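Remarks on the structure that follows.
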Amino acid sequence: GAGVSQSPRYKVAKRGQDVALRCDPISGHVSLFWYQQALGQGPEFLTYFQNEAQLDKSGLPSDRFFAERPEGSVSTLKIQRTQQEDSAVYLCASSPRQKSPLHFGNGTRLTVT
Amino acid sequence: KQEVTQIPAALSVPEGENLVLNCSFTDSAIYNLQWFRQDPGKGLTSLLLIQSSQREQTSGRLNASLDKSSGRSTLYIAASQPGDSATYLCAVLVAGNNRKLIWGLGTSLGVNP
């Protein structure tokens, strides 16, 4: 595709619900990142994939957060039993190789009520 | 621990002015530094990437410099336009096996017509 696509664009969840956020990276991009951006803050790293391998998940804030990229293209970030502090914009980025410029999607704005 | 600071936090200038945004980082062990632009409600757009071995990069009216030894980067915007109004973030890619970007909080720029 022309760019990184994320869906849904907006998600409202009641506290305790599970949510799944989707990222379609640019075709052929090896590296895929998930970031969490709270209002007025810079993005915070969550996890990194190289193809289908999750090489770094040190930024996931709790075991309620889970990410996968089973075929090395589309990735899903799942948040179980959502809490209000999970409210943020979740950004996905991809790059063709390590240390290349990142291409970001427009993000999914999650609001937990 | 790598920390990235951006000064100023906000800046308002009249159209046509040249301006400089500053970014500093505490650990010089980086692979590269990127400048991004973020418009309200949108994702991040990569503007310039400077590899650790480079001193500067230019794209159109934008020029970014990197002084790795002193932990500083500047983004110079020439002949600013109202369309340049956005938040500008810098991020460093830390060296080592950890591939995550460390972000500043950004500079919110307003260019007044």
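Numbers restart at 1 for each chain; the letters A, B, ... are given by sequence-line order, proteins then strands. Please read all numbers here as calculations on a predicted model, not as lab measurements.
- Hydrophobic clustering of Ile, Leu, Val, Met, Phe, Trp and Tyr side chains at less than 4.5 Å, counting indirect connections, unites B/Ile77 with B/Leu11.
- Using a 4.5 Å cut-off between heavy atoms, A/Ser100 touches chain B through its backbone atoms (N, CA, C, O) alone.
- The parts of B/Leu44 that come within reach of chain A are both its backbone and its side chain, each placing non-hydrogen atoms under 4.5 angstrom from that chain.
- Among the candidates A/Phe33, A/Phe45, A/Phe104, the single residue satisfying the ring-ring contact (aromatic ring centres under 6.0 Å, His included) test with B/Trp103 is A/Phe104.
- B/Gln34 has its side chain within reach of A/Pro101: a pair of non-hydrogen atoms, C-beta onward, lies under 4.5 Å apart.
- Only the side chain of B/Gln51 comes within contact range of chain A, with at least one heavy atom under 4.5 Å from a heavy atom of that chain.
- Grouping the Ile, Leu, Val, Met, Phe, Trp and Tyr side chains by contacts below 4.5 angstrom, directly or via other members, places B/Leu48 with B/Phe25.
- Heavy-atom distances place no part of A/Gln6 under 4.5 Å from chain B, backbone and side chain included.
- Other residues, nucleotides and ligands place no more than 12 heavy atoms under 6.0 Å from the CZ atom of B/Arg55.
- A 6.0 Å sphere centred on CZ of B/Arg61 holds more than 12 heavy atoms belonging to other residues, nucleotides or ligands.
- For A/Leu102, the parts sitting under 4.5 Å from any heavy atom of chain B are the backbone and the side chain alike.
- Residue A/Arg9 qualifies as enclosed at atom CZ: its count of foreign heavy atoms under 6.0 Å is above 12.
- How far CD of B/Gln38 is from CG of A/Asn106: 9.5 Å, rounded to the nearest 0.5 Å.
- Counting non-hydrogen atoms of other residues, nucleotides and ligands closer than 6.0 Å to CD of A/Glu85 gives a total above 12.
- Considering all non-hydrogen atoms of both residues, B/Leu89 and A/Pro43 come closest at CD2-CD, 4.0 Å.
- The local environment of CD in B/Gln2 is crowded, with over 12 non-hydrogen atoms from other residues, nucleotides or ligands closer than 6.0 Å.
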